2 protein chains.
Amino acid sequence: MDLQEASLVGLRVFREVAERGTLTSAAAALGYTQSAVSRQIAALERAAGAQLLERRREGVRLTSAGHVVLRSAAAVLDQIDAATRELAGLPAEGGTVRLGWFASAGAVLLPRAVAALRRSHPAITVTTREGTTPALVRALRAGSLDLALISSAPPFRPPDAESPPLALQVLAERSLLLAVPVSHPLASGDSVDIAQLHGQSWIAAQSTGADQLMGVWPGLDERPRIAHTARDWLAKLQLVAAGCGLTTVSASLAAAAPPGVRVLPVRGGPRERRRVLLARLPGPLPEPAARVAEALRAAVESG
Amino acid sequence: MDLQEASLVGLRVFREVAERGTLTSAAAALGYTQSAVSRQIAALERAAGAQLLERRREGVRLTSAGHVVLRSAAAVLDQIDAATRELAGLPAEGGTVRLGWFASAGAVLLPRAVAALRRSHPAITVTTREGTTPALVRALRAGSLDLALISSAPPFRPPDAESPPLALQVLAERSLLLAVPVSHPLASGDSVDIAQLHGQSWIAAQSTGADQLMGVWPGLDERPRIAHTARDWLAKLQLVAAGCGLTTVSASLAAAAPPGVRVLPVRGGPRERRRVLLARLPGPLPEPAARVAEALRAAVESG
DNA sequence: TCTGTGGTATGCGTGATTGTCATGGACTTG
DNA sequence: CAAGTCCATGACAATCACGCATACCACAGA
């Protein structure tokens, strides 16, 4: 019943689990078996004298004790990282910002911001990675990201209910748009009426369970016909260009639509607004991260 | 060659070693064998990819890599402590200040300051412990003390040459004094001439090696006759009272001399000045520690 | 209802870690 | 030189932590 008996590997495993959300995927990421991870977590819980994870059907969630330990684990592991670098004679890793982003931000917003930043602040290194909203939020909380671009749909709930609440900043609020092949009859006008969407073929994202179906215009009162599913935006848009179906795109992607695709607004239904948020842990923002946030704001506004 | 492979026990052992100055005493303190400590250090050095300790005849000293690791180790272990407390539901240990002191400060200065503090700031808990200058300095650097009272003699060199240098503040500078039995011929005057010290019997502290002989008036050109040696101040002063010999006392002790002992200045020789310093790690001083420092300053001045 | 598919826990055997004990080497001091 | 300090290391034992296989649980879908 004393965290003192914890081990560094235990903490590392725990952080990975907190970030991935399941023991199994954490194990895969660490090159362990699921069994080893399960044991490490059990040992850490024994050391902490409290349950750290709430086992649920679809994985695990942190308990409040779990959050306490996660915060410590992140601090401890960062400290060790810093010492490792210092021992290796490298300068303190102060100029690197780790940024996470949701898939649609990767086409336009992210490259534009990073490019601008490289010109204006060449000393800042930005490393980024893509992820879903829950994955990005967990990564923020596990301390493996500094900033995360996430998207949010009405009713614009915060991405998690943990404490402390994440610091959120709305970068943009735009309407959801529709991608149609230029050869498609709907492509002739400057907008599409929602009634015209009946009976169309759709190109959807992998519906990973609880997530609402992405790619199909929301609120249709029919069962949509899914012609193709694809995770990748380029694939989806090329499928659209090839006339295989329609799909929804966020406004931040419109500028990157390939030839053969028209991006149009939809009239008629309720306004389908989407927000682009910049999320981070509360607290003071280090200088380089603030510059990155600034560049992201600029990139959003210039689009 | 990666500190990542270090273990928490390794770091804990290393901190203890850094604080004690020898593997052997660290082992005793931790309840390990010297051999186990040696192996832990070896493992940590292997993980760090650098030698952390410089082995010397009288123990070990930290190398520069060792200081890097020590700073990290202290931070990591403190972090774990904090998490342990938080898990146990205790409030953050913000109101406790750990103060170290040199033996002569224990009689008057320390009790006075602590008593005053308990009246003026009852919320602050002060835990203290006695130690030699090197032990206190090591404890500061290992993060197991917040403040340390140390004494310093000319040429008033800093207590260690490590980096970053300790923050030092001179609380008082006073002359060394002489304790004589009231029954002793020298006790009749208001001061003693250095010439009168020839041939006297002395009560000295344990001369633990390199330390200069404590208790005997410095600079005598004869080999002093040591009648008794004692570590404890009460014992030494009672021996003086019993007429067994003379000894030197710091001015901060004068007020606590028992009956039967007179404390007198010495004329003639070079001025034997002694400073009382308050030492701490550089950097911002947390609020409660600042209050303790203030109380110590006040206690010195009111004496 | 049965079966497949996510996920986590656990019994068992094995190899690596991490201790103790005992010993040895380098050095200082009386 | 003998005795004391200190640290390092070979031999051994106990424990730990892993992988494997399997059990378990909840849910989804035919």
Side-chain angles (χ1 to χ4, degrees), chain A residues 4-14 16-47 51-63 66 132 134-135 138 206-211 213 223, chain B residues 2 4-14 16-47 51-63 66 134-135 138 206-211 213 223 226 229:
Chain A
Q4 314 280 350
E5 297 165 17
S7 78
L8 280 179
V9 265
L11 296 180
R12 205 164 353 250
V13 166
F14 181 65
E16 197 69 39
V17 168
E19 180 166 347
R20 304 265 165 184
T22 76
L23 303 208
T24 310
S25 75
L30 293 164
Y32 285 169
T33 49
Q34 175 269 324
S35 151
V37 170
S38 175
R39 285 173 205 282
Q40 283 288 353
I41 298 297
L44 192 58
E45 288 185 320
R46 191 160 5 96
Q51 196 165 328
L52 303 179
L53 298 178
E54 188 186 327
R55 276 72 170 173
R56 327 182 97 228
R57 341 287 156 235
E58 68 280 10
V60 293
R61 275 173 41 110
L62 297 199
T63 63
T132 65
R138 284 193 304 258
Q206 315 268 32
S207 76
T208 13
D211 252 352
L213 203 52
R223 190 180 220 272
Chain B
D2 207 342
Q4 315 281 349
E5 296 165 18
S7 77
L8 280 179
V9 263
L11 295 180
R12 206 165 353 253
V13 166
F14 181 65
E16 198 68 39
V17 167
E19 179 165 349
R20 303 266 165 184
T22 74
L23 304 207
T24 312
S25 74
L30 293 165
Y32 284 171
T33 323
Q34 174 268 323
S35 151
V37 171
S38 175
R39 285 177 201 282
Q40 283 288 353
I41 299 295
L44 193 58
E45 288 185 319
R46 191 160 5 96
Q51 197 163 329
L52 302 179
L53 298 178
E54 188 185 326
R55 275 72 170 174
R56 326 181 100 230
R57 336 291 156 231
E58 69 278 10
V60 294
R61 275 172 41 106
L62 298 198
T63 63
R138 282 192 305 258
Q206 316 268 30
S207 76
T208 13
D211 253 351
L213 204 52
R223 190 179 220 274
I226 311 290
T229 70

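This one's a predicted model, so the numbers in the text were calculated from it and none came from an experiment. Below, read A as the first sequence line, B as the second, and so on, with proteins coming before strands; counting in each chain starts at 1.
Within a heavy-atom distance below 4.0 Å of DNA chain D, the residues of residues 35-42 of chain B found are B:S35, B:S38, B:R39.
Heavy atoms of B:T22 sit under 4.0 angstrom from primed sugar atoms or phosphate atoms, though from no base atom.
Atom CG in A:L53 sits roughly 9 Å away from atom P in C:dT8 (whole-Å rounding). Atom-to-atom, CD of A:E45 to P of C:dT8 comes out at 12 Å; the value is rounded to the nearest Å. Rounded to a whole Å, the CZ atom of B:R12 is 13 Å from the P atom of C:dT18. We find that CG of B:L30 is positioned 15 Å from C1' of C:dT20, with the value rounded to whole Å. In this structure, B:E54 places its CD atom 13 Å from P of D:dA8, rounding to the nearest Å. The distance from atom CD of A:Q51 to atom P of C:dT8 is 13 Å, rounded to the nearest whole Å. Rounded to a whole Å, the CD atom of A:Q34 is 8 Å from the C1' atom of C:dG7. A:Y32 places its OH atom 8 Å from the P atom of D:dG19, with the value rounded to the nearest Å.
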A:E45 and A:L53: CA distance, side-chain angles, deciding distance, side chain to side chain contact (heavy atoms under 4.5 Å, CB included) verdict: CA-CA 9 Å; A:E45 288 185 320; A:L53 298 178; 4.2 Å; yes
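In terms of phosphate contacts, B:T33 brings a side-chain nitrogen or oxygen within less than 4.0 Å of OP1 or OP2 of C:dT20. Put simply, A:R55 has a side-chain N or O that comes within less than 4.0 Å of OP1 or OP2 on C:dA9.
Separation of atoms CZ (B:R56) and OG1 (B:T22) is listed at 14.0 Å; rounding is to 0.5 Å.
Within the 3.5 Å criterion, the main-chain N or O of B:Q4 finds a donor-acceptor partner in the side chain of A:R12.
At a threshold of 4.5 Å between non-hydrogen side-chain atoms, the residues B:Y32 and B:L23 do not count as touching.
A side chain to side chain contact (heavy atoms under 4.5 Å, CB included) with A:I41 is found for exactly one of A:V60, A:V13, A:L52, namely A:V13.
Listed candidates were C:dT8, D:dC27, C:dG19. Nearest to the side chain of A:T24 is C:dT8.
Minimum heavy-atom separation, B:E54 to B:Q51: CA-NE2, 4.4 Å. Taking each heavy atom of A:R138 and A:G21 in turn, the nearest pair found is NE-N, 3.6 Å.
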